[in-house]
Trainee: 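Quick one: this structure, given as structure tokens, is what I'll be asking you about.
Read the numbers this way: they start at 1 and go in the same order the structure lists the ligands and their atoms. Index from 1, following the sequence.
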Amino acid sequence: MQKTKKFLLLSLLGFCLTLAGCGASTQAKYDPQKALGPQINYTITGIDAGAGVMGNTATALEKYGLAQNNWQLQTSSTAAMTSVLDKAIKAKQPIVITGWVPHWMFTKYDLKFLKDPKKVYGAKEGIHTIARTGLKQEKPGLYQFLQNFNWTPDQLAQIMLQINNGVEPTTAAKAYLKKHPEQVKAWLKNVPAGNNQTVTLAYVAWDSEIASANVVAQALKTKGYRVTLRPMDAQPMWTAIATGAADASFSAWLPTTHQAYARSFQGRYDDVRVNLEGAQTGLAVPTYMTKVDSIEDLKTK
Ligand code: PBE
């Protein structure tokens with residue numbers, strides 16, 4: 001916890017130095033009469049560099065002719081971005097962020113995705129379970145679980161919101177299992193006892209993935225599997241699956257968000273199934289930014 005807080009403070013400091021206006025109310029309120037670019041220094045507030053939404057935003061800046069017009073993408077972390085977003089919303093200031101669902105930011109704040117007529121962020125996105133090749137033969141019991149596991153954005157949100165409110169991920173996951181015995185039964189259908197078999201799961205510390213990794217770990221533990229959870233960045237997560245360093249991950253956003261990773265590791269991972277349907281990524285703004293509805297609006301308005 002100490003470490004996380006320190007990291008958050010450092011990230012915020014980075015923001016303050018870059019944007020020169022942290023805390024102080026130097027930034028004006030959103031003005032619908034004026035062009036947006038100069039109001040936010042032509043800057044989109046982003047997250048960790050390895051996230052797919054960051055790569056796709058770089059592509060969007062090119063495809064919509066924004067990079068050529070001074071627009072840039074600020075790298076930071078989810079924690080720093082949501083903190084800056086919180087401040088902006090409280091002061092009704094303009095802000096453009098890299099947004100996605102499922103995430104509590106869309107529950108906590110009135111946000112809207114900007115329309116993406118060029119479909120840079122894809123159309124139909126899901127969170128996939130991926131496994132190392134050979135897992136099916138080597139650990140068929142675990143593989144059966146991977147084939148069974150799926151849930152909905154609403155169900156995931158139950159855990160994610162608790163964790164965001166300060167509940168320990170393992171505690172939140174255990175409470176979820178207790179509340180949904182029928183679902184857990186379906187996840188464990190035809191899954192044999194683990195007899196202490198070791199399972200290594202790689203995940204990226206995005207809120208939705210912290211929730212899924214923990215709920216899966218707890219469910220497998222009830223069947224006698226010995227689960228190790230390994231948090232890592234997106235690129236190492238894909239690498240861990242491709243090299244067999246980890247058995248599986250529930251953190252793959254496909255077909256668009258992690259397209260670059262999926263391409264570079266093609267043939268070296270097993271795309272087991274979609275574990276959550278209805279995901280989406282893109283650029284997002286608070287709903288009080290009435291004159292901005294599409295990415296195309298960034299250029300002109
Ligand atoms: N995210 C959350 C990730 C996937 C999960 C949208 C930040 C990404 O962009 O890679």
Trainee: Out of curiosity, is Met54 lining ligand 1, as in a heavy atom under 4.0 Å away?
Mentor: no

Trainee: May I ask you to check if ligand 1 and Ser208 share an N or O to N or O distance below 3.5 Å?
Mentor: no

Trainee: Under 4.0 Å from ligand 1, counting heavy atoms only, is it the side chain of Val53, its backbone, both or neither?
Mentor: both

Trainee: Output yes when Asp270 and Lys136 qualify as a salt bridge under the 4.0 Å nitrogen-oxygen rule, no when they do not.
Mentor: no

Trainee: Within ligand 1, which atoms have a heavy atom of Thr257 less than 4.0 Å away?
Mentor: 8 (C), 9 (O), 10 (O)

Trainee: With a 4.0 Å cut-off, would you call Lys112 and Asp293 a salt bridge?
Mentor: yes

Trainee: Just to confirm my output: which protein heavy-atom neighbour is closest to atom 2 (C) of ligand 1, and how far is it?
Mentor: Trp100 NE1, 3.4 Å

Trainee: Assess the side chains of Asp110 and Tyr288: does a donor N or O sit below 3.5 Å from an acceptor N or O?
Mentor: no

Trainee: Would a 4.5 Å heavy-atom cut-off, applied to side chains only, mark Trp71 and Tyr64 as touching?
Mentor: no

Trainee: Could you check whether any side-chain heavy atom of Tyr143 comes within less than 4.5 Å of a side-chain heavy atom of Gln147, counting everything from C-beta outward?
Mentor: yes

Trainee: Side chain, backbone, both or neither: which applies to Ile47 and ligand 1 if a contact is any heavy-atom pair less than 4.0 Å apart?
Mentor: side chain

Trainee: Between Gln72 and Thr43, is there a side-chain donor-acceptor contact under 3.5 Å, judged purely by atom types and distance?
Mentor: yes

Trainee: Taking distance alone, with no angle check, do Gly52 and ligand 1 share an N/O pair under 3.5 Å?
Mentor: yes

